[in-house]
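Notes follow the structure.
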Amino acid sequence: MVFAIGLALSACNQAGGDGMKSIQALMPENAVIAHRGTIYWAPELTEAAFRWARNTGSDYMELDVQRSKDGVLIIIHDRTFRRTTNVAEVFPGRENDPIDSFTYEEIAMLDAGSPFNRLRPDQARESFTGQDVPVFEDIFRIAEGKRIRRNPDGTRLFHVDENGKYHFEYEPDPADNGHRPGIYIEVKVNENYPGIEEQIYEELTMMGWNPLEGKTIAKNEPFYTGEKVNIGNTRGKILIQTFSRPGMVNFKRVFGEKVLCSFLISNNRNTDFTSEEVLDELISFALESGAQFIGTNLGDENDGLPPHFAEKIWASGLKTNVYSFNTLEQMEKYFGEGTGRNARPLANGMITNRADLTVDFYHEKGVRKQKTTISPEKILEELGY
């Protein structure tokens, strides 16, 4: 059985071959991928977190997308609003209701900043209170150097047209420092949101962020211009990923294997990383579903990227990005210096909660020219928080 799966992997690799490599080349090696913007310095998946990630010099800003009852793409990680908002206060009794049971106007009433202030008093800031639950478009506009346009009372400006479609307003961010990151899109539980892959394709096109539509981007557009990140202006400006196998199949159908795509797996879901057959099947599915990357998580007792799995991933032609980093010690482990298990890099990119640390870590390793120039706290102050 293992031999048969090995043959299948070889066939998939030969079939994908140069095409897969050309897509992989759209992402720089040693990419800094800001996980939810940050979960350490600001409330995760909020305007504050993503403005901070942009100004810190992240290559990509990672987001989780779901959908409201009335069809608006919402940026939220969990299946409910309970952990990250004040939903229990605003809508008593609905704190365990799923995201798609709320309309956007209900979601706009939630405070996504105060829970962070309570849970992280050392990083708390009064200005985080009242942070919105963002919509999909917000993160792309932030990546372009904008911010949400607001009323004097801090509420955001938007209107609904005669067809029930929401239109959101933005303005130039006075604190924008010129970095232009790409966007790393994770769809949560694709099966709960039929047609979400097509909706993402259409919204990317509407925003001018779909590399498969509109004006062709030059192949030689650089990842960096001087000290500034420029990935948001390249053909590798987006990556799509999911844990969902049906979702991966849908991505292949909708995007045609022409954009960066990662199949996510987890060491918390009873994956047996000691089984050659299990690992071969994971790689085989990733290849068959059009992925160029496997996304897996770091760990100690149950490592999501043990060296023998990394070897299999490399042999198949795939690459890997690992989530989610919090410490320099973790970065050292997966960067891969020295001998033994660290004889070569295990991760092609790091999905990090501390983009500030990861940017400077790669700089110190000599694989990145750019580095941070001011402290994380100072960045927040310059952004007005």
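Keep in mind that the numbers below use all heavy atoms, side chains included, and drop hydrogens, waters and symmetry copies.
- Under the 30°/60° scheme for interplanar angles, the aromatic rings of Tyr323 and Phe243 are found to stand perpendicular.
- In summary, the aromatic rings of Phe81 and Phe91 are positioned with their centroids too far apart to meet the 6.0 Å limit.
- The closest side-chain donor-acceptor pair between Tyr184 and Asp59, if any, does not fall under 3.5 angstrom.
- At distances below 3.5 Å, not a single donor-acceptor pair connects side-chain atoms of Glu202 with backbone N or O atoms of Ile200.
- Taking the side chain as every heavy atom from C-beta outward, Met27 and Leu239 approach each other to under 4.5 Å.
- Side-chain atoms of Thr242 and Asn190 form a donor-acceptor pair, as typed in the model, at a separation below 3.5 Å.
- Under the 6.0 Å cut-off for aromatic ring centres, Phe168 and Tyr104 qualify, their centroids lying closer than that.
- Two different hydrophobic clusters hold Met61 and Ile379 under the rule that ILVMFWY side chains link at heavy-atom gaps under 4.5 Å.
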inquiry  = Would Val65 and Glu203 count as a side chain to side chain contact (heavy atoms under 4.5 Å, CB included) here? Give the steps.
reply    = CA-CA 12 Å; Val65 61; Glu203 293 218 10; over 6 Å; no
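- Summarising the geometry, atom NZ belonging to Lys219 is positioned 5.5 Å from atom CZ belonging to Arg235; distances are rounded to the nearest 0.5 Å.
- More than 12 heavy atoms of other residues, nucleotides or ligands shown are found within 6.0 angstrom of NZ on Lys146.
- Of the charged side-chain nitrogens involved, none lies within less than 4.0 Å of a carboxylate oxygen, so that Arg82 and Asp97 do not count as a salt-bridged pair.
- Other residues, nucleotides and ligands contribute more than 12 heavy atoms inside 6.0 Å of the CZ atom of Arg94.
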ask   = How far apart are the C-alpha atoms of Met20 and Leu287, what are their side-chain angles, what is the distance that settles it, and do they pass the side chain to side chain contact (heavy atoms under 4.5 Å, CB included) test?
value = CA-CA 9 Å; Met20 181 169 66; Leu287 291 167; 3.9 Å; yes
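- Each of Leu157 and Ile142 belongs to its own hydrophobic cluster when Ile, Leu, Val, Met, Phe, Trp and Tyr are linked at side-chain heavy-atom distances under 4.5 angstrom.
- Following chains of ILVMFWY side-chain contacts shorter than 4.5 Å, one cannot reach Tyr60 starting from Trp41, and the two form parts of different hydrophobic clusters.
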Side-chain donor-acceptor pairs under 3.5 Å in residues 119-126, sequence neighbours left out?
| from | atom 1 | to | atom 2 | distance (Å) |
| --- | --- | --- | --- | --- |
| Arg120 | NE | Ile39 | O | 3.2 |
| Gln123 | NE2 | Tyr40 | OH | 3.3 |
| Arg125 | NH1 | Tyr385 | O | 3.1 |

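- Distance alone, capped at 3.5 Å, is enough to place a donor-acceptor pair between the Gln330 side chain and the Asn326 backbone.
- Between His35 and Ser58, the closest side-chain pair of non-hydrogen atoms is not below 4.5 Å.
- Looking only at distances, no side-chain donor or acceptor of Asn163 sits under 3.5 Å from a matching main-chain atom of Lys165.
- Of all the heavy atoms in Asn55 and His179, the pair that sits closest is O-CD2, 3.6 Å.
- Under the 4.5 Å side-chain criterion, counting only non-hydrogen atoms from C-beta, Asp173 is in contact with Arg54.
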task = Show the numbers, then the answer: is there a ring pair (Phe, Tyr, Trp, His ring centres under 6.0 Å) between Phe325 and Phe361?
result = CA-CA 12 Å; Phe325 291 86; Phe361 174 81; 8.5 Å; no
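- Taking all atoms of both residues into account, the shortest heavy-atom contact from Glu144 to Met207 is OE2-O, 4.2 Å.
- Between Arg253 and Glu198, at least one side-chain N (NZ, or NE/NH1/NH2) sits under 4.0 Å from a carboxylate O, which counts as a salt bridge.
- In this model, no donor atom of one side chain and acceptor atom of the other lie less than 3.5 Å apart for Thr84 and Glu44.
- Annotation: the span from Thr358 atom OG1 to Met331 atom CE amounts to 3.0 Å, rounded to 0.5 Å.
- Side-chain contact check for Asp360 and Thr372: at least one donor-acceptor pair (N or O, by modelled atom type) lies under 3.5 Å.
- The two residues Arg36 and Ala49 come nearest to each other via the heavy atoms O-CB, 3.7 Å.
- For the pair Glu257 (side chain) and Phe255 (backbone), a donor-acceptor distance under 3.5 Å is absent.
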request  = In sequence, state the C-alpha distance, the side-chain angles, and the governing distance for Phe136 and Val72, and then conclude on side chain to side chain contact (heavy atoms under 4.5 Å, CB included).
outcome  = CA-CA 8 Å; Phe136 192 57; Val72 179; over 6 Å; no
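- The main-chain N or O of Glu277 is never found under 3.5 Å from a side-chain atom of Asp280 such that the two would form a donor-acceptor pair.
- Contact of the Ile99 side chain with the His77 side chain is not registered, since no non-hydrogen atoms from C-beta on lie closer than 4.5 Å.
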query = Going through the distances and angles, do Leu73 and Tyr193 end up as a side chain to side chain contact (heavy atoms under 4.5 Å, CB included)?
reply = CA-CA 10 Å; Leu73 294 181; Tyr193 305 109; over 6 Å; no
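- Using a 4.5 Å heavy-atom cutoff, the side chains of Glu227 and Thr373 are not in contact.
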query = When you look at Arg245 and Glu191, which way does the salt bridge (Lys or Arg N to Asp or Glu O under 4.0 Å) test go after all the steps?
reply = CA-CA 9 Å; Arg245 293 193 177 214; Glu191 298 90 319; over 6 Å; no
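- Side-chain N/O atoms of Thr80 and Asp78 include no donor and acceptor closer than 3.5 Å.
- Across Met350 and Tyr362, no two heavy atoms sit closer than the pair CG-OH, 3.2 Å.
- Follow the hydrophobic side-chain contacts under 4.5 Å out from Val229 and you reach Ile351 in the same cluster.
- Gly236 and Leu260 make their closest contact through O-CD1, 3.8 Å (heavy atoms, listed as atom of the first residue, atom of the second, distance).
- With contacts defined as side-chain heavy-atom distances shorter than 4.5 Å, the pair Asp64/Ile76 does not qualify.
- Between atom CD1 of residue Ile139 and atom CH2 of residue Trp209 there is a gap of 11.0 Å, rounded to the nearest 0.5 Å.
- With Asp132 as reference, Arg150 is the one residue of Arg147, Arg150, Arg156 to meet the salt bridge (Lys or Arg N to Asp or Glu O under 4.0 Å) rule.
- Between Ile185 and Leu63, the closest side-chain pair of non-hydrogen atoms falls below 4.5 Å.
- Asn297 contributes no side-chain N or O that, together with a main-chain N or O of Ser266, makes up a donor-acceptor pair within less than 3.5 Å.
- Thr103 places none of its side-chain heavy atoms less than 4.5 Å from the side chain of Ser68.
- Side-chain atoms of Ser262 never come within 3.5 Å of backbone atoms of Gln241 as a donor-acceptor pair (strictly under, hydrogens ignored).
- Atom CD of Gln131 sits about 13.0 Å away from atom OG1 of Thr85, to the nearest 0.5 Å.
- Thr352 contributes a side-chain N or O that, together with a main-chain N or O of Arg354, makes up a donor-acceptor pair within less than 3.5 Å.
- One distance of note links CG of Leu383 with CG of Asp176; it measures 9.5 Å at 0.5 Å rounding.
- When every heavy atom of Gly71 is checked against every heavy atom of Gln199, the shortest pair comes out as O-NE2, 2.9 Å.
- With hydrogens and angles ignored, the 3.5 Å screen pairs a side-chain donor or acceptor of Asn230 with a backbone N or O of Pro222.
- The same ILVMFWY cluster, assembled from side-chain heavy atoms under 4.5 Å apart, contains both Ile183 and Val254.
- Classification of Lys365 and Glu332 as a salt-bridged pair holds, one side-chain N sitting under 4.0 Å from a carboxylate O.
- The CD atom of Gln370 sits 10.0 Å away from the NZ atom of Lys228 when rounded to the nearest 0.5 Å.
- A donor-acceptor contact shorter than 3.5 Å links the side chain of Thr234 to the backbone of Ile231.
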